[in-house]
Amino acid sequence: MGGGLHYEFRRDQHQPNQDIRYWCGRNSLFIFESAVGRHAPGGNYQVGQNLFSDQYAQYFACVATYFPSDRFVIRMDWLGGPWTAQYTEVVPQLKTILASTDANSAENALANIWWVYSFHRWTDYVGPIPYFKAGEPATSVAYDSQDKIYDDFFKKLAAATTLLKAKTAEKPYGSFDLIYGGDVNKWIKFANTLRLRLALRISKVDPARAKTEAEAAVAGGVLTTSPDDDALVARSTKGGDNNGLAIMSDWNEFRMSAAMESVLKGYDDPRLPTYFLPAVKTNTYEGLRNGLATTQLTDPVNTADYNSHVGQRWTSTGLGTAQNVMATAEAYFLMAEGALNGWSMGGTAKDFYNKGIAMSLTQWGVTSAAAISAYQTSTKTPVAPNDYLKSAPLSTIPVAWGSTEAIQREQIGTQKWLAIFPDGFEGWAEYRRTRFPKLYPVVNSDNPDIPAGGVLRRIPILLVEQQTNTVEAKKAESLIGGPDKVTTPLWWDKN
């Protein structure tokens, strides 16, 4: 990765490679580089994110007739690859670093932060997962409940940031750190923003803990300086070390969703030409509804050439484009919601909201202060997309800060959804938590457990786990809080 080496772990999916423990004590640089580099790589991006959360967040809609995922069909064989990568290409490497470095070292702290980041995406997919015993030498690994996993997340992030405050002059991993190049101050802000994100995630199930964690995160310093603080994993055009979205975008299997079209066109959003390209046949920006039936997808208006491809930076010419992890803009939208909750965030919800917009626009190349101000104060609203079903506008809210809390919460959720694009993992998680933005109902469902118009709440326990970790996977059903189905909400999902 980035000039280093790939270290693949292909033994039992929960067992670390025992042979490199001594080696890693002296060479943790390569190990950390590889653990971070496994963030949404190659084909795993498609079968772990694009065909699932990217569509559930309605960033994209599927135009391929041979993929039923946009109609809520969960293909467990697809998810097996990225799931196994977490437990064989990320966990063993982080475990090895944690075991072979000083517990009070900056290297150890960064490994713990990435541990939390990599695991929170999976627990927010499934709920209970193998966590506390992950990476230990065993062929059967117990699952842990999501509330206990989140408790450990907060403890790890708090401990890591406390330790790093005394290490700001160091450069852990140096150039082998594919995100911040060993900049400890930026890692502190990243960890605190992740802590703030997770605090908001549990705000409905444990509001007292959420408030405590959020206020501590903000007091410790979050990503607020500029988009230069954005967390991005460096990518290369060589080998398989490419941007995951760029690798598969030109396969022409997905296009802009009608939800994105309604909002971006309605707001006259300056990010539109960065996020998407005009449709080949019309030279206009067009999207389609999620969940169209196979027969509906054969209508020319729903085919790839009549709908907008993802933006140029994520096409095949952008294989070396850095992979999005976390944007500075998100921190402001999280603080805006926290302020509405009555938490001590150090400012007002309105100011944080407008600052989040400014950060996002700046991130995507809008530098004119006049253009940013015009967008922040715009009274334009989402429009009816020019789609196959002649859908109504997604919402009636403007960008300009609203007069009621209900409108303000929807505005924060909608702008955050736009700002964290194309991170479907986070977009889908936040939609389940907040129900913002008010996405279109999925047109058709081919999943017998969920009707058309329903909301998919989680990914069931994976088939690879049922086959290779059978006893513990069966036990895990008692930790879900309901049947092991897509309709059972996660622990923090109280909608």
Task: Partner set under side-chain contact (heavy atoms from CB on, under 4.5 Å) for Ala210, not counting sequence neighbours - done: Ile202, Ser203, Trp343
Open item on the list: Do Ser226 and Thr328 make a side-chain contact, defined as non-hydrogen atoms from C-beta onward lying under 4.5 Å apart?
Closed with: no
Task: Nearest heavy-atom neighbours spanning Trp417 and Gln58 - done: CZ2-O, 3.6 Å
TODO: Could you check Trp78, Phe52, Phe67 and say which one makes a side chain to side chain contact (heavy atoms under 4.5 Å, CB included) with Gln46?
DONE: Phe67
Task: Spatial distance of atom CG (Asn495) from atom CZ (Arg457) [nearest 0.5 Å] - done: 6.5 Å
Open item on the list: Is there a side-chain contact between Leu245 and Pro422 in this structure, where contact means two heavy atoms from C-beta onward sitting under 4.5 Å apart?
Closed with: yes
Task: Residue pairs involving residues 157-169 (criterion side-chain hydrogen bond (donor to acceptor under 3.5 Å, both in side chains); sequence neighbours excluded) - done: none
- [ ] Test side-chain contact (heavy atoms from CB on, under 4.5 Å) on Met359 and Leu223 and set out the steps.
- [x] CA-CA 11 Å; Met359 283 287 176; Leu223 295 168; over 6 Å; no
- [ ] Go through Ile179 and Tyr173 one step at a time and tell me if the side-chain contact (heavy atoms from CB on, under 4.5 Å) criterion holds.
- [x] CA-CA 11 Å; Ile179 300 179; Tyr173 304 112; over 6 Å; no
Open item on the list: Please check: side-chain N/O of Arg209 versus main-chain N/O of Ala199, any donor-acceptor pairing under 3.5 Å?
Closed with: no
TODO: Specify the closest pair of heavy atoms between Arg195 and Ala216, including all atoms of both residues, with the distance to one decimal.
DONE: NH2-CB, 3.5 Å
Open item on the list: Looking at every heavy atom in both Asp484 and Ile461, which two are closest together, and how far apart are they?
Closed with: OD1-N, 3.2 Å
Open item on the list: Just so I know, are the side chains of Asn290 and Gln55 near enough to count as touching, which here means a heavy-atom distance under 4.5 Å?
Closed with: yes
Task: Asp183 and Lys189 ion-paired at < 4.0 Å - done: no
Task: Exam field: side chain Arg458 to backbone Tyr125, donor-acceptor pair closer than 3.5 Å - done: no
TODO: Kindly give the heavy-atom pair with the smallest separation between Val222 and Ala217, and that separation in Å.
DONE: CG1-O, 3.6 Å
- [ ] Identify the two heavy atoms, one from Ala419 and one from Ala327, that lie closest to each other, and give their separation to 0.1 Å.
- [x] O-CB, 4.4 Å
Task: Sole candidate of Lys416, Arg201, Arg433 that passes salt bridge (charged side-chain N to carboxylate O under 4.0 Å, His left out) when paired with Glu426 - done: Arg201
Open item on the list: Parallel, tilted or perpendicular: which one describes the rings of Phe190 and Tyr117, with boundaries at 30° and 60°?
Closed with: tilted
TODO: Determine whether the side chains of Gln408 and Tyr353 contain a donor N or O and an acceptor N or O closer than 3.5 Å.
DONE: no
Open item on the list: For Lys485, is there any backbone N or O sitting under 3.5 Å from a side-chain donor or acceptor partner on Asp449?
Closed with: no
- [ ] Could you check if a side-chain atom of Phe153 sits within less than 4.5 angstrom of a side-chain atom of Glu213, using non-hydrogen atoms only?
- [x] no
Task: Full working for side chain to side chain donor-acceptor pair (under 3.5 Å) between Glu89 and Ser34 - done: CA-CA 8 Å; Glu89 299 174 13; Ser34 187; over 6 Å; no
TODO: Spell out, as yes or no, whether a donor-acceptor pair under 3.5 Å connects the side chain of Asp54 to the backbone of Gly424.
DONE: yes
Open item on the list: Please tell me whether Glu215 and Ser344 have a donor and an acceptor in their side chains that are separated by less than 3.5 angstrom.
Closed with: no
- [ ] Evaluate the side-chain proximity of Phe72 to Val486: yes if any heavy-atom separation is below 4.5 Å, no if none is.
- [x] no
Task: Nearest non-hydrogen partners of Asn243 and Thr321, listed with the distance - done: ND2-O, 2.9 Å
Open item on the list: Check the orientation of Trp83 and Trp122. Use parallel for under 30°, tilted for 30 to 60°, and perpendicular for over 60°.
Closed with: perpendicular
- [ ] Assign the ring pair Tyr131 / Phe119 to parallel, tilted or perpendicular, where the plane angle (0 to 90°) is split at 30° and 60°.
- [x] perpendicular
Open item on the list: Tell me if a side-chain donor or acceptor on Lys355 pairs with a main-chain N or O of Thr224 at a distance below 3.5 Å.
Closed with: no
Open item on the list: Between Ser118 and Gln86, do the side chains contain a donor N or O and an acceptor N or O under 3.5 Å apart?
Closed with: yes
- [ ] Return yes if some donor-acceptor pair links the side-chain N/O of Thr101 with the main-chain N/O of Glu107 below 3.5 Å, else return no.
- [x] no
Open item on the list: Would Glu465 and Tyr143 count as a side chain to side chain donor-acceptor pair (under 3.5 Å) here? Give the steps.
Closed with: CA-CA 11 Å; Glu465 282 289 289; Tyr143 278 60; 2.7 Å; yes
Task: CA sep, side-chain torsions, deciding dist, call: Met335, Leu196, side-chain contact (heavy atoms from CB on, under 4.5 Å) - done: CA-CA 8 Å; Met335 289 189 290; Leu196 180 59; 3.8 Å; yes
Open item on the list: Quick one about Asn108 and Asn112 (side-chain donor to acceptor, distance below 3.5 Å, no hydrogens or angles considered), yes or no?
Closed with: yes
Task: Side-chain (His309) to main-chain (Asn252) donor-acceptor, under 3.5 angstrom - done: no
Open item on the list: Please identify which of these residues, Trp314, Phe254, Tyr275, meets the ring-ring contact (aromatic ring centres under 6.0 Å, His included) condition with Phe60.
Closed with: Phe254
TODO: Would you tell me whether Gln93 and Thr96 have side-chain atoms, one donor and one acceptor, within less than 3.5 Å of each other?
DONE: no
Task: Audit row: Phe421, Val310, side-chain contact (heavy atoms from CB on, under 4.5 Å) steps and yes/no - done: CA-CA 11 Å; Phe421 177 86; Val310 70; 4.3 Å; yes
TODO: Report yes if the side chains of Trp492 and Leu200 come closer than 4.5 Å at any heavy-atom pair, otherwise no.
DONE: no
Task: Side-chain touch Val116/Leu198, heavy atoms, less than 4.5 angstrom - done: yes
